[in-house]
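Chain A is the first sequence line, chain B the second, and so forth, proteins listed ahead of strands; every chain is numbered from 1. Nothing here was measured: the structure is a model prediction, and the numbers come from that model.
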Protein chains: 2
Amino acid sequence: MRDGPDIAYVAALIGDPARANILTALMSGKALTATELSGEAGVSLSTASSHLSKLEAGGLVRARKSGRHKYFSLASDDVASVLEALMGLAAGTRQLRTRPGPRDPELRRARVCYNHLAGDMGTRMYRCLLDRGILIAKGDLLDLSEAGRAFVGTFGIDLDALPRSRAPLCRDCLDWSERQAHLAGQLGRAMLARMEDLGWARRVAGTRIVRFTREGEAGFAETFGAVEQRL
Amino acid sequence: MRDGPDIAYVAALIGDPARANILTALMSGKALTATELSGEAGVSLSTASSHLSKLEAGGLVRARKSGRHKYFSLASDDVASVLEALMGLAAGTRQLRTRPGPRDPELRRARVCYNHLAGDMGTRMYRCLLDRGILIAKGDLLDLSEAGRAFVGTFGIDLDALPRSRAPLCRDCLDWSERQAHLAGQLGRAMLARMEDLGWARRVAGTRIVRFTREGEAGFAETFGAVEQRL
DNA sequence: CTCATGGTTCGATCTTAATCGAAGCATAAC
DNA sequence: GTTATGCTTCGATTAAGATCGAACCATGAG
């Protein structure tokens, strides 16, 4: 029965507390240096370095060196997806949540998932885009409709300017706190970036929290419809 | 940055080779006894028992005892989803596939994913159901259309007879080999079961492989359309 | 009842790998 | 050039947990 890819290797990679902390920190979407990550993980620089090389060898993170700094980030959206899915399991599965934490409500409301908007507001935006026919779901694939291209344009995003990478334009990603999908992929990244440019929201340093301004709340509500909380 | 659910615990649970083998074996969808699983994992009965109690405590597997046997199965579709996702990472990520294995092509063609059809044929069926409007994708949620109810009925599935559990009727699940979605949930389970009833396919004992008969291939092609391999 | 079988628990052993500090390298600042 | 900073490598220590066999419990078969 030992068919298929060997899960154990990847899972063990994620399964160490220090490495899990590192990966969680990278879910913020920011590229972080080894020193910063050692702090996040609560571990000495040398051990962090060792962990990072393992994560890189395992294809979970990607490193770019710039000068005497080495910046680490998640290797792909796929990795972020798996991490979110694991969080979903961990949240639902553990008998007692260790510490719900004071920041928990804020995290559930709006947070960053690698580089796109997640949490309640993320899933709300996603549902709205679907309801309006801006996005068209084809199974797990997402298409941007003609109307959608227009919408995105007026929102201030230049599609042609997006990096033409291997990564798909639209993807969905299962949200651990809402247990619904939110928008990922290049477009998801661009949407969040645009909201930050507009001054709607900004990330809280050192966390995954995204905090909306008063104007941001208003703009978001206007653009993505009424706030009807889940059905 | 230590916000959100703690991934490490769950990931470490999956990350031990013996436990990973156990979980992979349970992906066959069959409930297996501790003794059988110890064989699958290549480990003594006592260690398997220890692993199983950890997996149960962690909420990954569920145990039912019947007489002096104790049957283990995956705790939920969610767990199966996460395992498939991890397989996707492991398949894409590892620099050199350890051993593609002789059964690999068969696995990629048609296999069981917990209790529904996966692999090339699984994703083909899924795409067909969407194209014909039998299933309607609403983000990550799937609805069965009116036409769909009729279709499912003529295929020989009594929807009302399905267990009315907490689990959703339709779900999608990301296929590790095809990197596309296939159908999961109660309906996915029922579809596969019906195919087995019809004599279209049967599971190969001791593996996740699903092998179609000649008539099964024909019926499948007729029911789910031309065989146009991926676009 | 006795016996066999499936499973769990216990204790001891042993391997793996996480950890740190110190030393070494490379790059940038001066 | 010299010095400081970011990171890696090395070696030694240590702790966690995977493993097994033996003893033990529970259930079903006879």
Side-chain angles (χ1 to χ4, degrees), chain A residues 1-2 6-26 30-73 75 94 98, chain B residues 1-2 6-26 30-73 75 94 98:
Chain A
M1 192 74 76
R2 320 250 182 82
D6 118 6
I7 317 184
Y9 174 74
V10 187
L13 226 37
I14 308 175
D16 174 81
R19 284 193 294 260
N21 284 336
I22 288 176
L23 292 170
T24 306
L26 291 177
K30 294 184 57 164
L32 298 170
T33 67
T35 312
E36 289 169 321
L37 288 169
S38 75
E40 294 290 346
V43 99
S44 88
L45 175 60
S46 60
T47 60
S49 172
S50 152
H51 284 311
L52 284 166
S53 63
K54 284 173 191 171
L55 288 173
E56 191 180 7
L60 294 183
V61 310
R62 202 164 51 97
R64 273 162 306 182
K65 53 171 30 168
S66 149
R68 61 180 160 182
H69 293 268
K70 196 166 176 184
Y71 289 97
F72 292 89
S73 50
R94 290 230 53 179
T98 357
Chain B
M1 193 73 77
R2 318 248 183 85
D6 116 2
I7 318 183
Y9 173 75
V10 187
L13 227 37
I14 308 175
D16 175 81
R19 285 194 293 262
N21 284 336
I22 288 176
L23 292 170
T24 306
L26 290 177
K30 293 185 58 165
L32 298 170
T33 67
T35 314
E36 289 169 321
L37 287 169
S38 75
E40 293 292 345
V43 98
S44 89
L45 175 59
S46 60
T47 59
S49 173
S50 153
H51 285 311
L52 284 167
S53 63
K54 285 172 191 169
L55 287 174
E56 192 180 3
L60 294 184
V61 310
R62 201 165 51 97
R64 275 162 303 182
K65 53 174 25 169
S66 149
R68 62 180 159 183
H69 292 268
K70 196 167 177 184
Y71 289 96
F72 292 89
S73 50
R94 292 230 54 178
T98 358

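Whole-Å rounding puts the A/Asp16 CG to C/dT16 P distance at 17 Å. Straight-line distance from the CG atom of A/Leu32 to the P atom of D/dG6: 14 Å, rounded to whole Å. As a whole-Å value, the separation of A/Glu36 CD from D/dT5 P is 16 Å. Taking atom CG of residue A/Leu55 and atom C1' of nucleotide C/dA17, one finds them 14 Å apart after rounding to whole Å. We find that CG of A/Leu13 is positioned 13 Å from C1' of C/dA17, with the value rounded to whole Å. The OH-P distance, from B/Tyr9 to D/dA16, rounds to 16 Å in whole Å. In this structure, the CG atom of B/Leu52 is 13 Å from the P atom of D/dA18, given to the nearest Å. Between A/Arg68 atom CZ and C/dT27 atom P there is a gap of 11 Å when expressed in whole angstrom units.
Counting any heavy atom pair closer than 4.0 Å across all strands shown, B/Thr33 reaches sugar-phosphate atoms only and no base atom. Heavy atoms of A/Ala48 sit nowhere under 4.0 angstrom from any nucleic acid atom.
Of the side-chain N and O atoms in B/Ser44, none sit less than 4.0 angstrom from OP1 or OP2 of D/dT19. The side chain of B/Lys70 contributes no N or O atom lying less than 4.0 Å from OP1 or OP2 of D/dA26. Here B/His69 does not reach the OP1 or OP2 of C/dT5: none of its side-chain N or O atoms lies under 4.0 Å away.
Listed for the A/Arg64 side chain is no donor-acceptor partner under 3.5 Å among the backbone atoms of A/Tyr71. Between the side chain of B/Thr24 and the main chain of B/Ala20, a donor-acceptor pair closer than 3.5 Å is present.
If you find the closest nucleotide of DNA chain C to A/Lys54 and to B/Ala34, the one lying nearer the 5' end belongs to B/Ala34.
If you check distances only, the side chain of A/Ser46 does reach the base of C/dG21 with a donor-acceptor pair under 3.5 Å.
When side chains are defined from C-beta on, A/Leu23 does not count as touching B/Ile7, because their heavy atoms never get closer than 4.5 Å. Residues A/Val43 and A/Ile22 have side chains not in contact (no heavy-atom distance under 4.5 Å, counting atoms from C-beta outward).
Of all heavy-atom pairs spanning B/Tyr9 and B/Gly58, the tightest one is OH-CA, 3.5 Å.
You'll find that the side chain of B/Leu45 is closest to C/dG7, out of C/dA18, D/dT19, C/dG7.
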